**Student:** 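Structure provided below as C-alpha cells; questions to follow.
Keep in mind that what you see is a predicted model, and the values were worked out from it rather than measured. Basis for what follows: all heavy atoms, side chains included, without hydrogens, waters or symmetry-related copies.
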Amino acid sequence: MKNYKIIGFNPLILGNPSIFVRDFSRSVLENIISLIEADELLASLNPRSLVSSEPLKTNDASESFLKNSNETGQSYGQQLTNFVSPNFTIESQTAFATNSYSSYLSQIGSRENFSISEIKVSPTTKINHTLSEKLDRIELESGFFRNNASSSNIILANAVVEKIHSNLLQDIIAAARRTQLQFVARIKAGTDLDAYTEQWFVRPFIDPLGSTVASGFASASALLKMASDAKVISLQRAESLLEVPTKFSDPDVAAAIEARSRPEPQGWFHTGGAIHGSQEAWAKGYTGKGVRYMSNDSGADYAHPDLLGTWAYIEDPASPYYGLPQMFDSWSSYVAAFDFRLGTSFIADGVADYADTSATALGNFRYSPLGAKVEHNYIVPNTSLSGVYHYGSHPDKALANKAEILNGIFGDGTAVKGERAAILVVDEEKAGVYDTVYVDLNFNFDFTDETPARLTRDFTYQEVAALDYNNDNLNDISGGLVYFISDGKTALPTLDWYWGIPGSFFGNGDLVAFHVMDDSEGGGDHGMGTTSVAVGQGVVTGSVFAGPDGTPQAGGRGLVVGPGKDVASTQNGNWYISPFIEDGYIYAGLGYDGISGTSDDIQIVSNSWGFSGINNDGYDYQSRLIDSINRTLAPNTALLFSTGNGAPGYGTVAPPSPASGIGVGASTLFGSIGLFESIASAKQIVGGDVMSWSNRGPGVNIDAGVDVVATGAFGTGADPLNQTLTYSKTKLALWS
C-alpha cells in the first residue's frame, strides 16, 4: 500500500493549462493538502466539499470553468478531463462516464507510476507563479513526502517560506530526497530541533533578544518542517549574508603593479593635518592610548610594516591569556563548534584559520601539506626541549597561491600553486609548553632559516611570522599573527562561554590560532584598508607601483598614517564568510573573559559594509539586535557603520543602522594620488567633500542618517604583503 503526501500553500494550484480553483476556505484547503495514507482514501474524498462550504474566490480561469460546468451540466469528472496534464494516460473513461470524481481520483491513484508532478501550475496564474513551481518541484520531483508514512502533514504558507533565505530555499529545491543540507537556524532560546534532525547543536550563549543560533545537517523536507515551527525565527545556509565589497579595479593600476613601471604617482602625502587633523590632536595628547579598536571585516596583515606592533594584548594578570595578542574569529569559532559537537573535520581540512597541528615528529619528517602533490622532506631546528615537534598546514590560501613562485626561487620546484605552507610548533622555553611557531614561508622545506612567531607574553610584539627577503628591515612575506596555541586545558579564546567548547578538546600543541589577511576570501583586502587607515604607522615610504627602488613617496614621511597613533588593534576576521552578524558585537562588549566592563572590552568597532537590499534601516532585525547588544552588553563601545554606496538619492542610508550607532559617509581625497585620479583642473580638487555615491540621510527613524564623513574614496591604504608578491622572469618582486 502506498503513502502519498501533497505539499502546497494557499492558494492551492491544480490543473493545466488553466487554474481550476484559485482559493478555498481554510478547512477545505487543509482537507486537500492532508496526507493521503492509502489508495483507498483517494476514493473517500468528497469532491462536493470543494464548493459546498463557502463561496469560492476565483480568477478568470476558475470562473470560466465553473460557468461552463453549470451551463452544460457536465460532471466534475468530465470537466477535469479538460484540465489534466497531457502526460496523464487515462486507462479507462468509465470513471467520467459515471460522473464519479472520486472514482477518477482512485483510478489515477492506483497507477504504479503515479506522480503528482504531472499536475502543473499554469503560467496564467495571477499569484506567485515562480514560488508555486518551486514548491511543486520540492514535492513532486524530489519526492520528499511520498512513501513516507512517518511524515506529518505540512502546509507551506508564505509566512513559512519567508523564514527561509532564498539561497537555502534553492538548495532545498535542488536537493535529492535523502540529501543532508547544512543549515543555520536562528531560534528562540530553549527550542528543541530533535523532531527535525539528530545532527544539530545549539550555541549556549543567548543574546539580549532571547534568541540564539543552532546549526547542523537536515534533509530538505525536515528543513521545511523546521521553518513551520513558531520558535524558529529564520533559516539560512552556513554562510555569510553580507554583501561583499567591490574592489576598485583600474587596468592602468594593475599594469603598474605587475610591471613596477613608471610613471610613479605624484603628489602623495600622508593623511595628516590636511585631512583629519591627527597631528594636531596628538599634540594635545589625544593619541588613542588605552583605546581598543576592532575592524569587523576581512582581517588585517599584522606583518605589514605599517601595522607591525599595533595589535592589542590581554593585560589582565589573572587571565590565562595574559600577554597574548587579542584577536577574534567568528567563522573559525563556528567551524570548531561543528567539529566538537558533530565530529566533523573542518579544521583538519583547512577551512578555518585555526591550524590542525596534531601530527608529531621527533626530528626531521616527511609531510604532504594540504594542496600538495607530493611529500617533502622537512628539516627542523634542534630547539625542542621535549624532542616532540608538532606540525600541520598553514591556513592562508593567499600564501598558498604563491607556493609555486616561492618554491621555484628558494626550493626544488616540487611545490604547486595552492599548496599550503607547512608550520612547525616547538617548545623552546619549557619542555612540553609549546610557545613558538615556524612557517615555511619560502617553501624550501627547511624551518631553520625562518623567523618564527613567539608567544613570549612580555608585550614585545614577536607574535608574527614573516620573511624579510631583501634584509631592509621591512617584511616582504607574511605568515600572519599567532595569538594562541592549545595546551590541552585552556579554552581557545571565547569558545568556552560562547560555544561551550572546553580547552581539553584540543590537545597540547595540537592547534594554532592564526590571524591572517587572506585576500582570496570574501571581502578581499578590504579589512586591511579599514585597519591601516585607522592605525597605520607610516613606516613604509615607497609605493607598490615603484617598488623598493623607486623614489620615496610622501616626502619620506610614510605613506599610510592613521589617526590612531597609539590605538591597540584587534579584529573579527573572516567576517564576510561568517553566518552570524552578532558575534563581533558580543565579543566587543565581553572580550575574552565573557564579562562586560573589563579591560579586554573594545571601545570602537568599524563596520564598513551594509545590506543595500534592505530599505527600513533601523527597523530591520539586524539593526535592532545590534542595538540591543550595544546597549546591554557593550554600553561603552562606539559602533561605526558605513551608510552605504547607493547614492545619490534622498534617504539612501543602508542598514544595519542601530539607533545607538554612528553613521559614517564617504568623503574624498581628490588631488593627492595622481595615478588613481588624474586632475584635469584645479576645480576638481575638492578634498574632503562628500563623494557622489555616498548614501545620504535622513534615516527611517527620522534621524540624520549620516553623522560624520571620513575618507572613503581614493584614499591611501596598505596592501597585504602576500597580495603584492609577483614574479617576473628571473627575479622576485616585492614591495617595501
Side-chain angles (χ1 to χ4, degrees), residues 179-185 187 193-194 197-205 212-218 236-240 299 321 327-360 367-371 390-397 400 420 422-423 425 434 437 480 482-516 518 521-522 572-580 583 586-587 592 594:
T179 299
Q180 296 290 301
L181 300 175
Q182 189 175 349
F183 71 89
V184 169
I187 60 176
L193 302 182
D194 282 345
T197 176
E198 296 179 355
Q199 292 182 291
W200 73 286
F201 61 94
V202 65
R203 186 188 71 196
F205 185 87
T212 186
V213 293
S215 192
F217 299 97
Q236 68 177 76
R237 283 178 181 169
E239 65 181 12
S240 173
Y321 311 106
M327 294 288 147
F328 178 69
D329 192 326
S330 175
W331 168 251
S332 297
S333 299
Y334 169 63
V335 165
F338 245 96
D339 284 359
F340 174 63
R341 297 290 183 181
L342 299 183
T344 52
S345 58
F346 288 136
I347 293 177
D349 294 338
V351 301
D353 286 345
Y354 301 154
D356 177 6
T357 54
S358 56
T360 59
Y367 177 51
S368 177
L370 292 173
H390 285 250
Y391 63 90
S393 295
H394 195 270
D396 191 349
K397 295 183 290 295
R420 304 289 184 92
I423 59 179
V425 188
Y434 291 91
V437 177
V482 175
Y483 61 97
F484 182 79
I485 301 173
S486 64
D487 60 8
K489 55 184 179 181
T490 306
L492 212 160
T494 74
L495 260 64
D496 49 352
W497 57 266
Y498 200 54
W499 284 108
I501 305 176
S504 58
F505 181 60
F506 302 106
N508 187 26
D510 287 354
L511 179 139
V512 177
F514 282 90
H515 179 81
V516 298
D518 191 341
E521 295 180 333
N572 177 15
N574 282 325
W575 177 238
Y576 292 100
I577 59 176
S578 172
F580 308 113
D583 284 3
I586 294 173
Y587 160 69
Y592 272 15

**Student:** Does the plane of the ring in Phe505 sit parallel, tilted or perpendicular to the ring in Phe340? Use 30° and 60° as the thresholds.
**Tutor:**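 Perpendicular: the ring planes of Phe505 and Phe340 meet at over 60°.
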**Student:** Any side-chain donor paired with an acceptor under 3.5 Å for Asp339 and Thr344?
**Tutor:**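 Side chains of Asp339 and Thr344: pair found under 3.5 Å.
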**Student:** What is the distance from atom CG of Asp396 to atom CG of Asp353, rounded to the nearest 0.5 Å?
**Tutor:**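 The CG atom of Asp353 is 7.5 Å from CG of Asp396, to the nearest 0.5 Å.
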**Student:** Does Ile501 reach the side chain of Leu492, with side-chain heavy atoms less than 4.5 Å apart?
**Tutor:**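 Ile501 vs Leu492: side chains apart.
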**Student:** Does either side chain, that of Asn572 or that of Asp583, offer a donor lying less than 3.5 Å from an acceptor on the other one?
**Tutor:**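 No - no donor-acceptor pair under 3.5 Å links their side chains.
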**Student:** Please report the closest heavy-atom contact between His390 and Thr360, naming both atoms and the distance.
**Tutor:**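 His390 and Thr360 have their closest heavy atoms at CE1-CG2, 3.5 Å.
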**Student:** Answer whether the closest heavy-atom distance between the side chains of Ser215 and Phe201 falls below 4.5 Å.
**Tutor:**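 A side-chain contact under 4.5 Å exists here.
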**Student:** Could you pull out the closest heavy-atom pair between Tyr576 and Gly522, with the gap in Å?
**Tutor:**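 Heavy atoms of Tyr576 and Gly522 come nearest at CB-O, 3.3 Å.
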**Student:** Checking the side chain of Thr357 only, and the main-chain atoms of Leu511 only, is there a donor and an acceptor separated by less than 3.5 Å?
**Tutor:**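 Yes; at least one donor-acceptor contact below 3.5 Å.
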**Student:** Side-chain contact, heavy-atom cut-off 4.5 Å: Val516 with His394?
**Tutor:**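 A side-chain contact under 4.5 Å exists here.
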**Student:** What orientation do Phe205 and Tyr498 show, parallel under 30°, tilted 30 to 60°, or perpendicular over 60°?
**Tutor:**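 If you compare the ring of Phe205 with that of Tyr498, the planes turn out tilted.
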**Student:** Rounded to the nearest 0.5 Å, how far does CG of Asp487 lie from CG of Asp510?
**Tutor:**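 Separation between the atoms: 10.5 Å.
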**Student:** Let me confirm one number: the CZ-CD1 distance from Phe338 to Ile347, rounded to the nearest 0.5 Å.
**Tutor:**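 It comes to 12.5 Å.
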**Student:** Output all residues satisfying ring-ring contact (aromatic ring centres under 6.0 Å, His included) with Phe506, sequence neighbours left out; order by chain, then residue number.
**Tutor:**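 Not a single residue meets the ring-ring contact (aromatic ring centres under 6.0 Å, His included) criterion with Phe506.
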**Student:** Heavy atoms, side chains only, cut-off 4.5 Å: are Phe514 and Ser332 in contact?
**Tutor:**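 Phe514 does not reach Ser332 side chain to side chain.
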**Student:** Just jot down the side chain to side chain donor-acceptor pair (under 3.5 Å) partners of Glu239, sequence neighbours excluded, or say none.
**Tutor:**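 Checked Glu239 against side chain to side chain donor-acceptor pair (under 3.5 Å); matches are Asn167, Arg237.
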**Student:** If you measure from NE2 on His515 to CG on Asp329, what distance do you get to the nearest 0.5 Å?
**Tutor:**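 Spacing of NE2 (His515) from CG (Asp329) equals 8.0 Å.
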**Student:** Under the rule for side chain to side chain donor-acceptor pair (under 3.5 Å), what residues qualify as partners of Thr197, not counting sequence neighbours?
**Tutor:**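 Partners of Thr197 by the side chain to side chain donor-acceptor pair (under 3.5 Å) criterion come out as none, since no residue qualifies.
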**Student:** Would you confirm whether the ring centroid of Tyr321 sits within less than 6.0 angstrom of the ring centroid of Tyr483?
**Tutor:**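 Ring-ring flag for Tyr483/Tyr321: false, centres at least 6.0 Å apart.
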**Student:** Hey, can you tell me if Trp331 and Tyr334 have their rings parallel, tilted or perpendicular (30° and 60° cut-offs)?
**Tutor:**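 Plane angle between 30° and 60°, so tilted.
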**Student:** Just by distance, with hydrogens left out, do Ser486 and Tyr434 show a side-chain donor and acceptor under 3.5 Å apart?
**Tutor:**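 No, no side-chain donor-acceptor pair sits under 3.5 Å.
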**Student:** State, to 0.1 Å, how close Ala491 and Phe484 come at their nearest heavy-atom pair, and which atoms those are.
**Tutor:**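 Ala491 and Phe484 have their closest heavy atoms at O-CZ, 3.7 Å.
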**Student:** Which pair of heavy atoms, one from Leu342 and one from Gly216, lies closest together, and at what distance?
**Tutor:**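 Nearest heavy atoms, Leu342 then Gly216: CD1-CA, 3.9 Å.
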**Student:** Within the side chain of Ser393, is there an N or O that forms a donor-acceptor pair under 3.5 Å with the backbone of Ala422?
**Tutor:**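 Side chain of Ser393 to backbone of Ala422, a donor-acceptor pair under 3.5 Å: no, none is there.
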**Student:** For Thr494 and Tyr587, which I'm curious about, is there any donor-acceptor pair between the side chains at under 3.5 Å?
**Tutor:**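 No donor-acceptor contact under 3.5 Å links the two side chains.
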**Student:** Can you name the nearest heavy-atom pair linking Val202 to Val213, along with the distance?
**Tutor:**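 Residues Val202 and Val213, closest heavy atoms: CG2-O, 3.4 Å.
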**Student:** Any side-chain donor-acceptor pair under 3.5 Å between Asn574 and Ser578?
**Tutor:**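 Judged by distance alone, the side chains do not pair up.
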**Student:** Could you report the tightest heavy-atom contact between Ala238 and Gln182, atom names first, then the distance?
**Tutor:**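 Nearest pair, atom of Ala238 first, then Gln182: CB-NE2, 3.4 Å.
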**Student:** Rounded at 0.5 Å granularity, tell me how far CD1 in Ile423 sits from CG in Asp356.
**Tutor:**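 The CD1 atom of Ile423 sits 8.5 Å away from the CG atom of Asp356.
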**Student:** Distance from Phe580 atom CZ to Gln236 atom CD, nearest 0.5 Å?
**Tutor:**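 So the CZ of Phe580 and the CD of Gln236 are separated by 7.5 Å.
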**Student:** Would you mind reporting whether Ser333 and Tyr354 have side-chain heavy atoms less than 4.5 Å apart?
**Tutor:**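 Side chain of Tyr354 against side chain of Ser333, heavy atoms only: contact under 4.5 Å found.
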